[in-house]
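First comes the structure, then the notes that go with it.
Reminder, nothing fancy here: chain letters follow the sequence lines and each chain counts from 1.
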Number of protein chains: 2
Amino acid sequence: MAQKKTHCDCLNTIKPVRDALDVISGKWKLPIIISVGVGNDRFTDIQESIPLITPKVLAKELKELEQHKLIKRIILGEYPVKISYKLEPYANTLTPIIYALKDWGINHRKKVMDR
Amino acid sequence: MAQKKTHCDCLNTIKPVRDALDVISGKWKLPIIISVGVGNDRFTDIQESIPLITPKVLAKELKELEQHKLIKRIILGEYPVKISYKLEPYANTLTPIIYALKDWGINHRKKVMDR
DNA sequence: TATAGCACTTTCCCAAAGGAAAGTAGAATT
DNA sequence: AATTCTACTTTCCTTTGGGAAAGTGCTATA
């Protein structure tokens, strides 16, 4: 028996990794979370803190991050309405991922330069 | 001075994270690395171990992973030529990222189900 | 009164990602 | 001789991501 056991099963890892990637993959989501996390809470400030991001893309990504309960949009004041973006506490659970990517990115750049 | 210090600087984190994302972001690269990592070394086995991946996409991603020195393609034998894919040692540096994503994905699925 | 700032939205366009289905070339198997 | 296996490739087509540029409605400032 078990003659047709051709490939190793790795779905236990692949499935949750894909679940995570569905939420945070893409060019902009983690940079936005990082920027809001260090204190940028106004649309224009976030935009200026992330190189080359356009307002269209930033608006779209902020909406998606709101839907995923990672960022909250707060309306401040009455007449001169101000908007403030803050991380939801849930976004802090992404910290290990962000640090793992940051460390790897720093090391990778070194490796590519040395070549 | 420093009156125009409007937004907080987070480029120290954003830049390396973007460097990492440039290499490993996308739907398929990490799943392929996971699959090859557990021992799937034949094209067809890798394909069958990753739900819904098509041969076209798998071939393209394998080429990119080779270029990034994360996977090596080995030609075995002479007349009935066989091909084997293996992780380069460098791919093991991705382990912390994979585990961070896996843990987060497991937790995230729980959170979404409970809602 | 005119200009600037804020938080976006809208339109147009292009390139990359990726799915479906079929094909291919050689070798092995029945 | 016909089918199967392996490792892909090719074609076609749709979706998604995202850049450029301009516009919008409101408020604040000079």
Over how many whole Å does the gap from A:I50 atom CD1 to D:dG19 atom C1' extend? 16 Å
Salt bridge B:K29-B:E61, side-chain N to carboxylate O under 4.0 Å: yes
How many angstroms lie between atom CD1 of B:I34 and atom OG1 of A:T13, to the nearest 0.5 angstrom? 5.5 Å
Distance in angstrom units between A:I53 CD1 and C:dC8 P, rounded: 13 Å
So how far is it from B:K102 NZ to B:I106 CD1, rounded to the nearest 0.5 Å? 5.5 Å
Neighbour count above 12 (heavy atom, 6.0 Å) for A:K15 NZ: no
Between C:dC6 (P) and A:D45 (CG): distance, integer Å: 8 Å
Rounded to the Å, how far apart are A:L62 CG and C:dC6 C1'? 14 Å
In Å and rounded to the nearest 0.5 Å, what is the OG to CD1 distance from B:S49 to B:I46? 7.0 Å
Interatomic distance, A:L76 CG vs C:dA7 P [rounded to whole Å]: 10 Å
Which of the following nucleotides, D:dA7, D:dG18, C:dT9, is nearest to the side chain of A:E61? D:dG18
Spacing between B:K60 atom NZ and D:dT11 atom C1', to the nearest angstrom: 16 Å
What parts of residues 14-32 of chain A reach DNA chain D, counting only heavy atoms under 4.0 Å away? A:K27, A:W28
How many whole angstroms separate atom CD1 of A:I83 from atom C1' of D:dT27? 13 Å
Does NZ in B:K111 sit with more than 12 non-hydrogen atoms of other residues, nucleotides or ligands closer than 6.0 Å? yes
Give a yes/no on whether any side-chain N or O of A:Y85 is located under 4.0 angstrom from OP1 or OP2 of C:dC6. no
Nearest-nucleotide pick for B:A59, side chain only, options being C:dT9, D:dT9, D:dA7: D:dT9
Taking the six-membered ring for Trp, are B:Y90 and A:W104 parallel (under 30°), tilted (30 to 60°) or perpendicular (over 60°)? parallel
Integer-rounded Å distance: D:dT27 C1' and A:K82 NZ: 8 Å
Contacts under 3.5 Å, N or O only, protein and nucleotides 20-28 of chain C:
none

With a 4.5 Å cut-off on side-chain heavy atoms, are A:L101 and B:P16 touching? no
All heavy atoms of A:V57 vs all of A:I53, minimum pair found to be CG1-CG1, 4.1 Å
With a 4.0 Å limit, can you tell me whether B:R42 has a side-chain N or O closer than that to the phosphate oxygens OP1/OP2 of D:dC8? no
